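Below is one structure; the comments refer to it alone.
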Amino acid sequence: MRLKKSGCVIALTLIALSLSACASRYDAPMSAGLSEDDDTYCRANGGPAGSPQYVGCRKDRDVQRSNAITRADKKQRDLGEWMMNHPN
């Protein structure tokens, strides 16, 4: 009986570790405008690397990504708050 119990605990631990590896909170959300590589996008649309247009493009992409992450975090907090207020 003891062997079965420890085997079950080990199996559950491995499953939990496997699932937790998939759940990363700090992944940047993939929106339609940010799905390709920033460098490739800005070279094609902003000019050669180092030019003022390229630098501006990279800054704009960083701001867009930061805003997308902020929106995703707010939606997650709002959902958690709603779930706490509506336990049924």
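Note that the coordinates shown come from a computational prediction; the quantities given were computed from them, not determined experimentally.
Arg77 has no carboxylate O lying under 4.0 Å from a charged side-chain N of Asp73, or vice versa, which leaves the two without a salt bridge. At a threshold of 4.0 Å, the pair Asp62-Arg58 does not count as salt-bridged, since none of the basic side-chain nitrogens sits closer than that to a carboxylate oxygen.
The nearest pair of heavy atoms linking Ser51 to Gly46 is OG-O, 3.8 Å.
Partner of Cys57 under the side chain to side chain contact (heavy atoms under 4.5 Å, CB included) criterion, chosen from Lys59, Gln53, Arg61: Arg61.
Remark: Asn67 CG to Lys74 NZ distance equals 13.5 Å, nearest 0.5 Å.
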